[in-house]
There are 2 protein chains.
Amino acid sequence: MLREEGLIYTVQGEGTFVAAPDSAPREPRKLPMYRKIAEDIVQEIRSGDLQPRRPVPSETALVQRYEVARETVRRAIGRLRDQGWVYTVPQRGTFVSAEDKWPED
Amino acid sequence: MLREEGLIYTVQGEGTFVAAPDSAPREPRKLPMYRKIAEDIVQEIRSGDLQPRRPVPSETALVQRYEVARETVRRAIGRLRDQGWVYTVPQRGTFVSAEDKWPED
DNA sequence: GGGGATTTGTACGTATGTATC
DNA sequence: TGATACATACGTACAAATCCC
């Protein structure tokens, strides 16, 4: 029933975790597909393959490219939207944000 | 192909939309279930029925209470998490945030 | 320590609605 | 009219971590 409540901490954009007593660095766990897709798209934006105000590939296109379910693509896009990389216009598409909206990181 | 790019605006926590030329107030569109669930839980937090550091009902419990799919519940919880109302500890549960983390609104 | 129950995380596939083009 | 694209929603499955007896 959550007895060690003081040991909980949150990493923005990562989730909430229970602190390890020695803060042992966890090994990099396998990257979920929706994160890989998101990171790939960030790469394409950073490299200029995807340009500001131009559309990101549609959900359908990404579903086919990665051979994943649509929900997985939607989660990746949602992540990018939260971080400011892209913006979505309902029923129109998702577009690369202006460069000043990109996260510093 | 997104020709009227200047007409796009974003409402934080709502999404991105195309501005109506006369900003005609859209009639209140039907509230999606995941938003209703989220609002219900906010009410329970505000009223004190759900207290800080105490668990929010589990996904399974909410699925049964609202008779919806788990994905719908998860979207509601994700929304509350983004807004700061709750925090989630993987494999343990979701808990009401301390009051100073709540959104002003 | 073992084992089962609980809970969240990830992922798939499908369906329908609605707005845009 | 029809095709496209995103929004919402359902149901299912398995994994991983935790909790409790």
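Just so you know, these numbers use all the heavy atoms, side chains as well, and skip hydrogens, waters and symmetry mates. Chain identifiers are assigned alphabetically (A, B, ...) following the order of the sequence lines, protein sequences preceding nucleic acid strands; residue numbering begins at 1 within each chain.
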**OP:** Please state how far atom NZ in B:K30 lies from atom P in C:dA19, giving the value in whole angstrom units.
**Re:** 11 Å
**OP:** Answer with yes or no whether A:E59 presents, from its side chain, a donor or acceptor under 3.5 Å of a partner atom in the base of D:dC6.
**Re:** no
Original post:
Does any N or O in the side chain of B:S97 come within less than 3.5 Å of the main-chain N or O of B:G84, such that one atom is a donor and the other an acceptor?
Top reply: yes
Subject >> Candidates D:dA17, D:dC6, C:dT10 - which lies nearest the side chain of A:P32 >> reply: C:dT10
Original post:
Closer than 4.0 Å, any side-chain N/O of B:R92 to the OP1 or OP2 of D:dA17?
Top reply: no
Original post:
Think A:R74 has a side-chain N or O under 4.0 angstrom from the OP1 or OP2 of D:dA7?
Top reply: yes
Original post:
Rounding to a whole Å, what distance do you find between A:R79:CZ and C:dG9:P?
Top reply: 13 Å
Subject >> Residue pair A:T72 / A:L62, side-chain heavy-atom distance below 4.5 Å >> reply: no
Original post:
Taking the side chain of B:T88 as heavy atoms from C-beta outward, which of C:dT8, D:dA7, D:dC10 is closest to it?
Top reply: C:dT8
Subject >> Spacing between B:M33 atom CE and C:dG17 atom P, to the nearest angstrom >> reply: 18 Å
Subject >> Nearest to side-chain heavy atoms of B:R35, which nucleotide of D:dT8, C:dG9, C:dG13 >> reply: D:dT8
Original post:
Any side-chain N or O of B:Y34 under 4.0 Å from OP1/OP2 of D:dT8?
Top reply: yes
**OP:** Please determine, for the side chain of B:E71, which listed nucleotide (D:dA7, C:dA11, C:dG13) has the closest atom?
**Re:** C:dG13
Original post:
How close or far is atom P of C:dG9 from atom NZ of A:K36, stated in whole angstroms?
Top reply: 23 Å
Original post:
A:T72 side chain N/O closer than 4.0 Å to the phosphate oxygens (OP1, OP2) of C:dT10?
Top reply: no
Original post:
Within less than 4.0 Å of OP1 or OP2 of C:dT7, is there a side-chain N or O belonging to B:S58?
Top reply: yes
Original post:
On the ring face of B:Y34, is B:R75 found with NZ or CZ under 6.0 Å from the centre and within 45° of the axis?
Top reply: yes
Original post:
Is any side-chain N or O of A:T94 closer than 4.0 Å to OP1 or OP2 of D:dA5?
Top reply: no
**OP:** In plain terms, say whether A:E71 and B:R74 are close enough for a salt bridge, that is, a side-chain N and a carboxylate O under 4.0 Å apart.
**Re:** no
**OP:** Figure out the CZ/P separation between B:F95 and D:dT18, and round it to whole Å.
**Re:** 12 Å
Original post:
Which sits closer to the 5' end of DNA chain D, A:G93 or B:Y66, going by the nucleotide each is nearest to?
Top reply: A:G93
Original post:
With a 4.5 Å limit on heavy-atom distance, are the side chains of B:F95 and B:Q51 in contact?
Top reply: no
Subject >> No-H, no-angle donor-acceptor pair, A:R70 side chain to C:dA11 base, under 3.5 Å >> reply: no
Original post:
Taking CG from B:L62 and P from D:dA9, how many angstroms apart are they, rounded to a whole number?
Top reply: 15 Å
Original post:
Which one, D:dG11, D:dA7, C:dT8, comes nearest to the side chain of B:Q91?
Top reply: C:dT8
Original post:
Nearest-Å distance, CZ (A:R75) to P (C:dT8)?
Top reply: 15 Å
Original post:
Should A:L31 and A:E39 be marked as a side chain to side chain contact (heavy atoms under 4.5 Å, CB included) after you check the CA-CA gap, both sets of side-chain angles, and the distance that decides it?
Top reply: CA-CA 10 Å; A:L31 196 64; A:E39 291 187 4; 3.7 Å; yes
